[in-house]
Number of protein chains: 2
Amino acid sequence: MLNSQYHHLQRYFGDLIQQKVLEAGTKLPSEREIGEQFKLTRITVRQALQNLEAEGLIYRQNRRGWFVTPPPVIYDPANYLSFNLYVTEQGFIPHTEKLLQQIEPANEELAQLMGIETNTPVLFLHRRRYIDQRPVLIEKIYINFKFLPGIEKEELSQSLGQLLKQKYQLEYRDMDLSFKSTSLPAHAANDLGISTGHAGLHIERINYTSDKKVLEVDYEFWRHDAMSIRIALRD
Amino acid sequence: MLNSQYHHLQRYFGDLIQQKVLEAGTKLPSEREIGEQFKLTRITVRQALQNLEAEGLIYRQNRRGWFVTPPPVIYDPANYLSFNLYVTEQGFIPHTEKLLQQIEPANEELAQLMGIETNTPVLFLHRRRYIDQRPVLIEKIYINFKFLPGIEKEELSQSLGQLLKQKYQLEYRDMDLSFKSTSLPAHAANDLGISTGHAGLHIERINYTSDKKVLEVDYEFWRHDAMSIRIALRD
DNA sequence: TAGTGGTCTAGACCACGAA
DNA sequence: TCGTGGTCTAGACCACTAG
């Protein structure tokens, strides 16, 4: 395996990228061109490219080609105030697109999680978030808007953290976090415009009010290469 | 993509696994057999299998075949006492193998992280950990043994958390955690007996003493399908 | 319309694991 | 020794994107 042909090709591009000869966003030559240059079939070339993708060094845009991955953003759910804020602070440009907002009845699983009756109306929010024009995560949020009267009339492509703070004098404090490294489910991959089966990171976040009620349940589906999580635990 | 042939095959096995018709540990038919049965070439079959692997539903053992993945263990680094403990509690059998233990000089990066002089001797520990006979993670630990006199003479395939508690009356409290979803580096994939490029989860944990000195730096390389992280943040 | 990646065929040889 | 997955060849057609 260490002497396979795709491995040589993988190292060749991997080194160029890590030495920053190829900068973030650079487009690689097409699979056919690479194949000609290195006298390899496309399948072998793709094996190398897919491994580089798994490493997070390159990514593809649907039928547009392969590109060098920009550095990951550092995500600290414990210090969570706002996606916009921490992305900006790290020198990137954030953008949020609201795909859907509606009031819907809580299904059984959600109701149990939220400690409410099944079919109680909750506010559902479906958003796509970008870093430097690149879609990196899909968010599905369920809000118990009993605690947040009038929130459904706000502009909900903004930061919820900031909205909670400014309008309701609430801050994220207690939360349960769950992370799972797995491929993106079809709906998320679709929304992100990438192939099903793409590596992803699934985050589930439950935010509590100060008296331990569930305020919000948040499901995030991230591209695996777009971020790195950092948490400081202090007693 | 949703109507591709490998996608049908992927769903076929995916459904069987999720409905538990195929139980954890079951061996799938060989790639050639599946190909014959579904009239597909091996490349197409492998595409489906690799996607199922990315989902975490199946895994391979080097040239032995494909197997149904057991459920993930839940890992709570904040409540970290012992790998052995939480794995056992969840009904699995843990096992730890010490691959290497030696005293070595800290390199520049580590020294800076630990707040010590470069080349200060530190205790290096290299371990492989198993769940139900399956190797799931590689650990590389660097210990500032100034705080833990005599630790190098202990049996270090046991739980460090328990050892610290019993022998030194220390408990893990403050720590910095970092998670990155990425493919396993070659050394870790090798030690786990899986192909380079396999999806993984990289954890870095810095444990502090009660007076904010770095006690231990821990690098963990997990199979991506072996665990799910859960953290409760309380103010 | 030309070029890209996405999917697929029908083979082949090799290295490693199990018996 | 035989069966397995790992790697690779030399093509093909399709769906989508960009210009």
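In what follows, chains are A, B, ... by sequence order, proteins preceding strands, each numbered from 1. Just so it is clear, the structure is predicted and the values come from calculations on it, not from any experiment.
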Engineer: Is there any protein nitrogen or oxygen under 3.5 Å from a nitrogen or oxygen in nucleotides 10-14 of chain D, and what are the pairs?
Structural biologist:
unit_1 : atom_1 : unit_2  : atom_2 : d
D:dA12 : N6     : A:Arg42 : NH1    : 3.4

Engineer: Using the closest heavy atom to pick a nucleotide of DNA chain D for each, name whichever of B:Arg46 or A:Arg64 lands nearer the 5' end.
Structural biologist: B:Arg46
Engineer: Is any side-chain N of the basic residue among A:Glu220 and A:Arg205 closer than 4.0 Å to the acidic one's carboxylate O?
Structural biologist: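 The answer is yes: the pair qualifies as a salt bridge.
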Engineer: Taking A:Asp225 first and then A:Arg223, would you say they form a salt bridge - that is, a charged N and a carboxylate O separated by under 4.0 Å?
Structural biologist: yes
Engineer: Does atom CD (A:Gln133) have a neighbourhood of more than 12 heavy atoms from anything else shown, all under 6.0 Å?
Structural biologist: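 Open.
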Engineer: Classify B:Gln50 by what it touches in the nucleic acid, base, sugar-phosphate, or nothing, heavy-atom distance under 4.0 Å.
Structural biologist: nothing
Engineer: Tell me: CD1 of A:Ile34 to P of C:dG3, nearest whole Å?
Structural biologist: 17 Å
Engineer: I'd like to know whether CD of A:Glu104 has more than 12 heavy-atom contacts from other residues, nucleotides or ligands below 6.0 angstrom.
Structural biologist: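 Atom CD in A:Glu104 is packed in, count exceeds 12.
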Engineer: If the plane angle is over 60° it's perpendicular, under 30° parallel, otherwise tilted; pick one for A:His187 and A:Phe221.
Structural biologist: perpendicular
Engineer: Heavy-atom nearest nucleotide on DNA chain D for B:Glu33 versus A:Gln61: which residue maps closer to 5'?
Structural biologist: B:Glu33
Engineer: Show the atom names and distances, to 0.1 Å, of all donor-acceptor pairs under 3.5 Å that link a side chain in residues 17-33 of chain B to residues at least two apart or in another chain.
Structural biologist:
unit_1  : atom_1 : unit_2  : atom_2 : d
B:Thr26 : OG1    : B:Glu23 : N      : 3.2
B:Thr26 : OG1    : B:Glu23 : O      : 2.6
B:Ser30 : OG     : B:Glu33 : N      : 3.2
B:Glu31 : OE1    : B:Arg42 : NE     : 3.0
B:Glu31 : OE1    : B:Arg42 : NH2    : 3.0
B:Glu31 : OE1    : B:Arg46 : NH1    : 3.4
B:Glu31 : OE2    : B:Arg46 : NH1    : 2.8
B:Glu31 : OE2    : B:Trp66 : NE1    : 3.0

Engineer: Using a 4.0 Å heavy-atom cut-off, does A:Gln47 contact any base of the nucleic acid, only the sugar-phosphate backbone, or nothing at all?
Structural biologist: sugar-phosphate
Engineer: Please report, rounded to the nearest Å, how far the C1' atom of D:dC16 is from the CD atom of A:Glu31.
Structural biologist: 14 Å
